[in-house]
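Worksheet: the structure to be examined is printed underneath.
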Amino acid sequence: MRRLISMAVLVALALALSVLEMSLPLPFVAPGAKLGLSNIVLLLAIVLFPFREAFMIAVIKPFVLMLVTGSVTSLIYSMAGSILSCLVMVFAYRYLSHWFSLTGVSVLGSVAHNFAQITVAALILNNFWMYGYLPLLVLIGIGTGIFVGLTTEYLTNHLRRLKLNL
């Protein structure tokens, strides 16, 4: 029961961060570029929970965000990005952690998120020239991935010091 409550709190926190992020005016010129604040929660879930629970959070958050915002179109993009980034980050965290810090795992997840969203856009628009936009998104994603990773490292270290068992 405690794990379920912790997961629900993380989903609510990810949702709140997504809604907050939507209201922030960002200086990016690149359409679709975001800070990815809710990925802090997803990465934290990957550290704290087994794959199944982290994946459930990755799937539930975009769906609940769609219910809050009413944007069905964004659900497709968000779900694709969330699922692929979760899979990549879980794999990197579990099997490649000797090569990647949590920040590196976050950067990989950010790039995967961008790749998934560009792929969805290319399929929906039937325009594979959309991949030309990917290098710009990857550059932005590296920066946001570093921010998300460093923030998550700080949070996990703080939780370990508190000896908090979620």
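Note on V68 and V11: same hydrophobic cluster, where clusters join Ile, Leu, Val, Met, Phe, Trp and Tyr whose side-chain heavy atoms are under 4.5 Å apart, directly or indirectly. Residue I118 is not grouped with residue W129 when hydrophobic side chains (ILVMFWY) are merged at heavy-atom distances under 4.5 angstrom, including chains of intermediate members. If you chain together hydrophobic residues whose side chains sit under 4.5 Å apart, I142 and L136 fall into the same group. A continuous path of hydrophobic side-chain contacts links Y133 to Y131 [ILVMFWY only; heavy atoms under 4.5 Å].
Applying the 6.0 Å contact sphere to OH of Y77 captures more than 12 heavy atoms from other residues, nucleotides or ligands. The 12-atom threshold is not exceeded at OH of Y154, counting heavy atoms of other residues, nucleotides or ligands nearer than 6.0 Å. When the shell of 6.0 Å around CZ of F63 is examined, it contains 12 or fewer heavy atoms from other residues, nucleotides or ligands.
Looking only at distances, a side-chain donor or acceptor of T119 sits under 3.5 Å from a matching main-chain atom of F115. Formation of a donor-acceptor pair under 3.5 Å by the E53 side chain with backbone atoms of A45 is not found in this model. Side-chain atoms of T151 come within 3.5 Å of backbone N or O of F147 as a donor-acceptor pair. Between the side chain of S106 and the main chain of G149, a donor-acceptor pair closer than 3.5 Å is present.
Side-chain contact, K61 with S82: no donor N or O sits under 3.5 Å from an acceptor N or O.
A distance of 11.5 Å separates CD1 in I57 from OG in S38, rounded to the nearest 0.5 Å. Between the OG atom in S78 and the CD1 atom in I83 there is a gap of 9.5 Å [rounded to 0.5 Å]. Atom CG of L123 and atom CD1 of I76 lie 11.0 Å apart (nearest 0.5 Å). Between atom OG of residue S110 and atom CG of residue N114 there is a gap of 5.0 Å, rounded to the nearest 0.5 Å. Note that CD of E153 is 3.5 Å distant from OG1 of T103, once rounded to the nearest 0.5 Å. Distance CG/L43 to CG/L48: 9.5 Å, rounded to 0.5 Å.
Smallest separation of non-hydrogen atoms from M130 and L125: SD-CD1, 4.0 Å. Taking all atoms of both residues into account, the shortest heavy-atom contact from L108 to A92 is CD1-CB, 3.8 Å. Closest approach of V90 and F51 over heavy atoms only: CG1-CD1, 3.6 Å. What you find for L84 and A112 is that their closest heavy atoms are CD2-O, 3.4 Å. Nearest approach of L44 to T152, heavy atoms of both residues: N-CG2, 3.8 Å. Between G109 and M89, the closest heavy-atom pair is CA-CG, 3.4 Å.
A 4.5 Å side-chain heavy-atom check between R94 and I46 finds at least one atom pair inside the cut-off. Between V19 and L65, some side-chain heavy-atom pair lies under the 4.5 Å cut-off. Contact check for P50 versus R3: side-chain heavy atoms found under the 4.5 Å cut-off.
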Working for side chain to side chain contact (heavy atoms under 4.5 Å, CB included), residues R160 and V47: CA-CA 11 Å; R160 285 185 186 121; V47 170; 3.9 Å; yes
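Looking at L150, L13, L155 one by one, the single match for side chain to side chain contact (heavy atoms under 4.5 Å, CB included) with I40 turns out to be L155.
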